[in-house]
> 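One structure is given below, represented as structure tokens, and several questions about it will come after.
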Amino acid sequence: MASPESTPQTSNFITQLIDEHNRTGRYEGRVHTRFPPEPNGYLHIGHAKSICLNFGIAADYRGLCNLRFDDTNPAKEDVEYVDSIKEDIRWLGFDWEEREFYASDYFETLYEYALKLVRDGKAFVCELTAEQIREHRGTLTEPGRNSPFRDRAVEENLDLFERMRAGEFPDGRYTLRAKIDMGSPNLNMRDPVMYRILRAHHHRTGDAWCIYPTYDWAHGQSDSIEGITHSICTLEFEDHRPLYDWFVENLGIHHPRQIEFARLNVTYMIMSKRKLLRLVQENIVDGWDDPRMPTISGLRRRGYTPESIRDFADRVGVAKKESTIDIALLEHCVREDLNARALRVMAVLDPVKVVLTNFPEGQVEMMEAVNNPEDPTAGMRQVPFTRELYIEREDFMEDPPGKFFRLAPGREVRLRYAYIIKCEEVVKDNAGNIVELRCSYDPQTRSGMPEANRKVKGTLHWVSASESVEAEVRLYDRLFLREDPDETDNGEDFLANLNPDSLQILRARVEPSLVDALPGTLYQFERKGYFTVDSRYGRPGTPVFNRTVSLRDTWARMSTKS
RNA sequence: UGGGGCGUAGCCAAGCGGUAAGGCAUCGGCCUUUGGAGCCGACAUGCGCAGGUUCGAAUCCUGCCGCCCCAGCCA
């Protein structure tokens, strides 16, 4: 027995099964998986789990993983989706090399396989309508009844089936069904449909076919043709495994093992392609790649990295228990990755003016700032400091509570990489809104000077009023208000749980260096969060920033609690 | 009420007859020119429940209970 397998670092019920197969030699030590998306929507974080699992297992065992589009239903599928799916998998960091397949590649072989079952008396052409088939199927507790066409002669089945393919009959007139057992307690075994007549233009085969195989008939045989050893799918297909096995056994072809695991669910997210499609079609979001979407393309546009998504997929585990992962884990994974990589810059999201009354007018002093304290190789940069500055409105309080470490009348605060300042006067407009804070600065406390080591309550980020530039900043919050968006009060649908404040657009002031920010560059706006340039709305010279995720904010948590 | 699965901490998840890993979250403390990061510590006498087998049970047996999936010519 060849045993090229290595030992995977993670143990779960799937790797245990594979290890057992390797021990007994069931597949000669070979491990070959596949990721089989249907091109009827964009990939989401749940697919990412499956992609990481399938490609990951193949890599761990020095095997292969194919990409195979499960394109057996032309009515719902489109090339737009196959293109996006390929882009997303590549972006995640996986490579299927030349093994890009389509179930439609096998239509001819599948047809020949079907012919064999017909000749063997194991499949028949049925004339029952969809509704009649349902009636004959029986129920969960009652057995079904045989179709009156079940015992049609082989020759007649052959003739009818060939004419089905030839296009002699209208849509829905006949079906080809497997002849298994209408009395089976497993409804999937009650003479399942293998082919339906359907005139629809297929994105790959065009109008070459008017009969299309069903999932059950196409999937296992496609796996078999490709020499797949472990066909990993989600829990709801567990009931289909006996049928999967029946087809390959009765055809006498290579028999892959189907293994089912629990799909990923994440709090505050919906994973249903149907529902995501609705959000797109009803313009509730800005396309499949809206940064609030759980799609791979949405997460990418939001600023998530492939590394963080792969890490997340590793951490959620693989099991058969249906579970819902706390979105905090996903956020933890991006923060961890971004903390190590993001360039620190200063941006004031909700500016209020600060005037340093004792700082010379017209003077621009360059302050040296660290680009990434986690990465010395990221270097330093110069940030202009002037008499008039902006700080975050929420960093000042006229009448602060006890633990407020920021600016307040008569209090001192440090400006990051600059001086310690003291608030001397609050200027308000007629409506009582604060329009300006007049402060003094201590010239002996510039960063690097001995006096700068003085203990002060807090450190604020800032931006020069004259040297900074304006930029649009988009803050995102969860798309839904409930942990489980499908849980609604009185028969309403999931849209009732939409968060009306999931997108907030601000006009912020940012460091001058940011005018030329490019999509793909990862930033941390100090004290605020991680941001990246939006790939759709950002233009050279006028960047639009998306907030990927906020920084952990213990102050916010403290204030919410009290 | 047929069949197929699943129950280990707030959320995930190891465990595979020898006395409950790890992560997230949470709570303390240290440190800090990001209330970030980092560091230290706490967090299941308990594994859905009840019996049984055993020197010993989350692991084996029996019986209950709870949750999920299946009646598309969708995947």
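Computed from heavy atoms alone, side chains included, the values below leave out hydrogens, waters and symmetry copies. Naming: A, B, ... by sequence-line order, numbering from 1 per chain.
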> For A:H461, which contact category applies under a 4.0 Å heavy-atom criterion: base, sugar-phosphate, or nothing?
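The answer is nothing, as A:H461 stays clear of every strand by at least 4.0 Å.
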> Measure the acute angle between the ring planes of A:Y81 and A:W288, then classify it against the limits of 30° and 60° as parallel, tilted or perpendicular.
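The arrangement is perpendicular - the two ring planes meet at more than 60°.
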> Under 4.0 Å, heavy atom to any atom of RNA chain B: which of residues 171-184 of chain A qualify?
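Heavy-atom contacts with RNA chain B come from A:G172, A:T175.
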> Between B:U59 and B:A21, how far apart are the C1' atoms? Round to whole Å, please.
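It works out to 16 Å between them.
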> Can you say whether the rings of A:Y195 and A:F161 are parallel (under 30°), tilted (30 to 60°) or perpendicular (over 60°)?
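The rings of A:Y195 and A:F161 sit tilted, inter-plane angle from 30° to 60°.
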> With a 4.0 Å cut-off on heavy atoms, is A:A130 in touch with a base, just the backbone sugar-phosphate, or nothing at all?
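Touches a base.
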> Check the angle between the aromatic planes of A:H47 and A:H44 and answer parallel, tilted or perpendicular using the 30° and 60° thresholds.
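A:H47 vs A:H44 ring planes: tilted.
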> What distance, rounded to whole Å, do you find between the two C1' atoms, one in B:G3 and one in B:U8?
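These two C1' atoms come out 27 Å apart once rounded.
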> How many angstroms lie between atom CD1 of A:I270 and atom CG of A:D486, to the nearest 0.5 angstrom?
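Here the rounded value is 7.5 Å.
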> Across all strands shown, which nucleotide pairs with B:C39 by Watson-Crick or G-U wobble geometry, both distances under 3.5 Å?
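In the structure as shown, B:C39 has B:G29 as its Watson-Crick or wobble partner.
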> Taking only the P atom of each, what is the distance from B:C67 to B:C61 in whole angstrom?
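Approximately 25 Å lies between the P atom of B:C67 and that of B:C61.
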> Nearest to the A:S323 side chain among B:G5, B:A71, B:C12, which nucleotide is it?
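That would be B:C12.
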> Assign A:T72 to base, sugar-phosphate, or nothing according to its heavy-atom contacts below 4.0 angstrom with the strands shown.
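Sugar-phosphate, no base atom in range.
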> If the glycosidic angle sits within 90 degrees of zero it is syn, else anti. Tell me which applies to B:G72.
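Here the answer is syn: the torsion falls within 90° of 0.
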> Taking only the side-chain heavy atoms of A:R137 (C-beta and beyond), determine which of B:U1, B:A14, B:C73 contains the nearest atom.
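Taking heavy atoms from C-beta onward, the closest nucleotide is B:C73.
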> Does B:A71 pair with anything, Watson-Crick or G-U wobble, both distances under 3.5 Å, and if so, with which nucleotide?
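Its partner: none found.
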> From the options B:C24, B:C69, B:A71, select the nucleotide whose nearest atom is closest to the side chain of A:L140.
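Output: B:A71.
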> Just call it for A:I133: base, sugar-phosphate, or nothing, with non-hydrogen atoms closer than 4.0 Å on any strand.
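If one applies the 4.0 Å heavy-atom cut-off, A:I133 turns out to touch a base.
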> Under 6.0 Å from the NZ atom of A:K275, do we count more than 12 heavy atoms belonging to anything else shown?
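Enclosed.
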> Base, sugar-phosphate, or nothing: which does A:Q16 touch, judged by heavy atoms less than 4.0 Å apart?
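Contact class for A:Q16: base.
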> Is the count of non-hydrogen atoms from other residues, nucleotides or ligands lying under 6.0 Å from A:R152 atom CZ greater than 12?
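It does: A:R152 CZ has more than 12 such atoms within range.
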> Using atom C1' of each nucleotide, how far apart are B:A9 and B:A14 to the nearest Å?
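After rounding to an integer number of Å, I get 14 Å for this pair.
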> Return the nearest nucleotide to the side chain of A:R557; candidates are B:U26, B:C12, B:C70.
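Among B:U26, B:C12, B:C70, the one nearest the side chain of A:R557 is B:U26.
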> May I ask you to say what A:T139 touches in the nucleic acid, namely base, sugar-phosphate or nothing, with a heavy-atom cut-off under 4.0 Å?
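Here A:T139 touches the bases of the nucleic acid.
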> Among A:K455, A:R454, A:K457, find the residue that satisfies the side-chain hydrogen bond (donor to acceptor under 3.5 Å, both in side chains) test when tested with A:E412.
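Option passing the side-chain hydrogen bond (donor to acceptor under 3.5 Å, both in side chains) with A:E412: A:R454.
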> Check every strand shown and say whether A:D239 touches a base, only sugar-phosphate, or nothing at a heavy-atom separation below 4.0 Å.
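If one applies the 4.0 Å heavy-atom cut-off, A:D239 turns out to touch a base.
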> So which nucleotide does B:G7 pair with, by the Watson-Crick or G-U wobble rule with both distances under 3.5 Å?
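Check on B:G7: paired to B:C65, both distances under 3.5 Å.
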> Could you check A:E131 against A:N188 and say which one's nearest nucleotide on RNA chain B is further toward the 5' end?
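Nearer the 5' end of the strand: A:N188.
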> Look at all strands and tell whether A:Y195 reaches a base, only sugar-phosphate, or nothing, counting heavy atoms closer than 4.0 Å.
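No contact.
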> Less than 6.0 Å separating the ring centroids of A:W217 and A:F247?
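Ring centroids of A:W217 and A:F247 are less than 6.0 Å from each other.
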> Is there a side-chain polar atom (N or O) of A:R196 under 4.0 Å from OP1 or OP2 of B:A75?
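True: A:R196 side-chain N/O within range (under 4.0 Å) of B:A75 OP1/OP2.
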> Please work out if A:V456 contacts a base, only the sugar-phosphate, or nothing of the nucleic acid, heavy-atom cut-off 4.0 Å.
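Nothing: the residue A:V456, judged by heavy atoms under 4.0 Å, touches no strand.
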> Does A:R177 count as lying over the ring of A:F124, i.e. NZ or CZ under 6.0 Å from the six-ring centre, within 45 degrees of the axis?
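Relative to the ring axis of A:F124, which defines the angle, A:R177 lies outside at least one limit.
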> For the C1' atoms, the ones on B:G48 and on B:G7, what distance do you get once it is rounded to whole angstrom?
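Nearest-Å result for B:G48 against B:G7 at atom C1': 6 Å.
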> Using the P atom in both, what is the distance from B:G56 to B:G63, to the nearest Å?
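Looking at atom P only, B:G56 and B:G63 are 23 Å apart.
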> Mind checking the P distance from B:U19 to B:U33? Whole angstroms is fine.
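Those two atoms are separated by 47 Å.
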> Assign a letter to each nucleotide of nucleotides 30-35 of chain B from its 5' end: B, base within under 4.0 Å of a protein heavy atom; S, sugar-phosphate only; -, no contact.
---BBB
> List in chain and number order the residues that pass side-chain contact (heavy atoms from CB on, under 4.5 Å) with A:M449, two or more places apart in sequence or in another chain; answer none if no residue qualifies.
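Expected list: A:R446.
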> Which residue is it: A:Q258, A:R68, A:H230? I am looking for the one with a side-chain hydrogen bond (donor to acceptor under 3.5 Å, both in side chains) to A:D223.
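Only match with A:D223 under side-chain hydrogen bond (donor to acceptor under 3.5 Å, both in side chains): A:R68.
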> Both A:R134 and A:K320 contact RNA chain B. Taking the nearest nucleotide for each, which residue is further toward the 5' end?
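Its nucleotide being nearer the 5' end, the pick is A:K320.
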> Compare the minimum distances between each of B:C74, B:G2, B:C11 and the side chain of A:N73, then state the nucleotide with the smallest one.
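Per side-chain heavy atoms of A:N73, the pick is B:C74.
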> Rounded to whole angstrom, note down the P distance from B:G18 over to B:C60.
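Going atom to atom, P in each nucleotide, I get 12 Å.
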> For B:A57, what is the paired nucleotide under Watson-Crick or G-U wobble rules, both distances under 3.5 Å?
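By the stated definition (distances under 3.5 Å), nothing pairs with B:A57.
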> Check for me whether the distance between the ring centres of A:F405 and A:W555 falls short of 6.0 Å.
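Centroid separation for A:F405 and A:W555: 6.0 Å or greater.
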